[in-house]
There are 2 protein chains.
Amino acid sequence: MVTRKPTPRAPVHAPDFERPLVTVDVVIFTVRDEQLQVLLVRRPDTASDPFPGRMALPGGFINVALDASLYDCALRKLEEKTGFEAPYLEQLGSWGSASRDPRGWCATHVYFALVPPPPNDGAPGSEASQWVEVEAALRKRLAFDHAEILAAAVERLRGKVEYTSLPAFLLSEPFTLPQLQRTYEIVLGRPMDKSAFRKRMLDAQFLAETGSIEGGAGRTAMGYRVLDRERAAVFPRTFRAIETPSSRD
Amino acid sequence: MVTRKPTPRAPVHAPDFERPLVTVDVVIFTVRDEQLQVLLVRRPDTASDPFPGRMALPGGFINVALDASLYDCALRKLEEKTGFEAPYLEQLGSWGSASRDPRGWCATHVYFALVPPPPNDGAPGSEASQWVEVEAALRKRLAFDHAEILAAAVERLRGKVEYTSLPAFLLSEPFTLPQLQRTYEIVLGRPMDKSAFRKRMLDAQFLAETGSIEGGAGRTAMGYRVLDRERAAVFPRTFRAIETPSSRD
DNA sequence: CAAATAGTGTCTTTAAGACACTATGCC
DNA sequence: GGCATAGTGTCTTAAAGACACTATTTG
């Protein structure tokens with residue numbers, strides 16, 4: 001970010017307004033067990049906490065001393081929860097109002113992340129955080145306005161998947177084109193034509209071959225990795241129709 | 001917004017973190033004098049203020065007592081500056097870091113608005129706020145990181161104009177299709193084909209006829225207004241190519 | 001060889017681009 | 001009539017959809 005510090009002629013001081021609470025939340029998606037899943041955490045069950053025991057999106061207050069920027073804060077929270085170093089991370093938007101947090105006027109900056117499926121280690125759901133299938137997560141009574149935020153994140157994800165290579169960030173590399181197609185189908189919830197799919201992916205020039213991969217039964221497939229893990233490829237057309245954008249607080 | 005207030009078993013209290021400053025800024029676009037223009041305000045020239053005398057985007061601190069939500073705050077600031085009641089207003093994103101404001105860790109929530117051209121009343125630029133052509137505004141040394149924010153807003157606007165009816169919100173109603181096409185051309189900075197343009201607009205079903213309009217020289221044209229002033233129509237394809245998305249703080 | 005999966009070819013369809021054409025209003 | 005502007009028609013082109021076909025690997 002480009003910022004310029006002025007040379008103050010006199011000490012500048014912050015106004016005496018009451019400051020809202022500021023948090024950062026992260027909607028972390030993955031595809032596991034043939035499902036689009038989202039990472040949720042259980043809030044502490046202490047009475048002094050808002051929404052005790054409820055499930056919520058991972059996140060928390062900005063630490064002014066620790067976080068250089070909102071993005072860094074989101075990265076920190078993502079690493080704390082998943083251990084992922086360089087995931088796909090983009091800003092979703094912000095939600096702020098007097099009523100969304102019982103502790104006071106609060107604004108949250110929401111990011112959304114795509115990560116490859118974590119290893120299915122031991123006891124799933126035993127810890128404070130767990131992966132939940134998105135439709136099930138949307139039906140849960142999440143803390144704060146996190147149900148609304150999650151709905152917006154899912155809408156944004158599905159919307160962008162129609163015309164970008166985002167699902168490639170949901171797979172561990174190398175992956176095959178049939179695997180990538182399956183990921184698209186899981187996220188969008190509808191089957192896709194193989195020929196059109198392959199033409200589109202290969203024409204978009206965002207994949208690099210990594211050599212053949214055996215897959216059990218049937219013919220071996222070519223392995224691929226994405227060329228640029230920072231940004232998604234944008235296709236010239238959507239797969240079908242695009243949704244209408246919605247407004248936020 | 002849907003929010004649920006829990007019945008707290010004990011008084012919930014906000015944590016003792018240092019709270020960042022929170023502001024809302026609005027990027028207000030219009031098309032005037034055949035140019036895409038943005039509204040800028042001059043910051044007070046008092047030494048105790050950051051960036052004294054510099055041009056900046058309109059905005060300011062959240063007023064926890066006055067603003068029910070971020071969106072309401074953006075609406076309020078827009079009305080204060082332009083008097084517009086029901087403009088097109090959508091969230092652009094948020095920028096926050098330790099370094100962007102000399103007064104301390106500060107996060108701003110940025111909205112972007114599209115308004116019809118204001119009447120060219122009296123002395124343009126005499127007051128604290130003035131309309132500036134966007135490329136000129138981008139070359140100015142704006143306060144804070146507002147140059148970066150403005151660049152992101154222009155990129156988002158140009159990006160969405162490729163596949164939505166957004167420019168319709170830059171005109172006062174009723175308007176003609178040639179006027180709408182001219183607005184697209186001004187925003188995108190390139191000529192468009194009349195036939196393809198008209199087919200696309202009429203096929204998208206977002207316009208209602210309002211009767212003929214005389215336009216000086218030449219044949220009279222049909223007048224139109226948009227059916228839904230809350231949201232833009234989305235076209236099945238972009239006009240040409242789409243840009244790659246960029247990241248923010 | 002059969003089953004399973006990977007990958008290709010061909011035709012259709014949709015909507016944009018190019019560009020020439022017709023229509024209507026004012027002088 | 002002539003000019004200016006509004007509006008239409010026709011052909012081409014880019015890329016998605018449908019769907020049948022070929023290719024390669026394992027048992």
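Worth knowing before you read on, the calculation uses all heavy atoms, side chains too, and leaves out hydrogens, waters and symmetry mates. Order of the sequence lines fixes the chain letters, A, B, ..., with proteins taken first and strands second; residue numbering starts at 1 for each chain. Just so you know, these numbers come straight off a predicted model, no measurement behind them.
- Ring pair B/F197/B/Y184: centre-to-centre distance below 6.0 Å.
- Checking C/dG7, D/dT10, D/dG7 against the side-chain heavy atoms of B/S195 singles out D/dT10 as nearest.
- Heavy-atom nearest nucleotides on DNA chain C were determined for B/K199 and for B/K194, and the one closer to the 5' end corresponds to B/K199.
- One can place CD of A/E162 at 14 Å from C1' of D/dG17, the figure rounded to the nearest angstrom.
- In this structure, CG of B/L177 is placed 13 Å from C1' of D/dT8, rounded to the nearest angstrom.
- In the set D/dA18, D/dT25, D/dT5, the nucleotide with an atom closest to the side chain of A/R219 is D/dT25.
- The B/R198 side chain lies nearest to D/dA6 when the options are D/dA18, D/dA6, C/dA18.
- Residues B/H109 and B/S94 bring no donor and acceptor atom of their side chains to less than 3.5 Å of each other.
- Ranking C/dG17, D/dA4, D/dG17 by closeness to the B/A217 side chain, first place goes to D/dA4.
- The CD-P distance, from B/Q181 to D/dT8, rounds to 13 Å in whole Å.
- Regarding A/M222, its CE atom lies at a distance of 13 Å from the P atom of D/dT24, rounded to whole Å.
- C/dG17 atom P lies 6 Å from atom CE of B/M192, rounded to whole Å.
- One interatomic measurement links the two molecules: CG of A/D193 to C1' of C/dG9, which rounds to 12 Å at whole-angstrom precision.
- Here the P atom of nucleotide C/dA6 and the CE atom of A/M201 are 16 Å apart, to the nearest Å.
- Taking every heavy atom of both residues into account, A/L170 and A/P117 meet most closely at O-CD, 3.2 Å.
- To the nearest 0.5 Å, atom CD1 of residue A/I186 and atom CD of residue A/Q37 are 10.0 Å apart.
- One interatomic measurement links the two molecules: CG of A/L207 to P of C/dG7, which rounds to 12 Å at whole-angstrom precision.
- With no hydrogens or angles considered, no side-chain donor-acceptor pair links B/T210 and B/E173 at under 3.5 Å.
- Within the 4.0 Å cut-off from OP1 or OP2 of D/dT24, not a single side-chain nitrogen or oxygen of A/T220 is found.
- When distances run from any side-chain atom of A/P178 to the nucleotides D/dA16, C/dA18, C/dG7, the shortest one goes to C/dG7.
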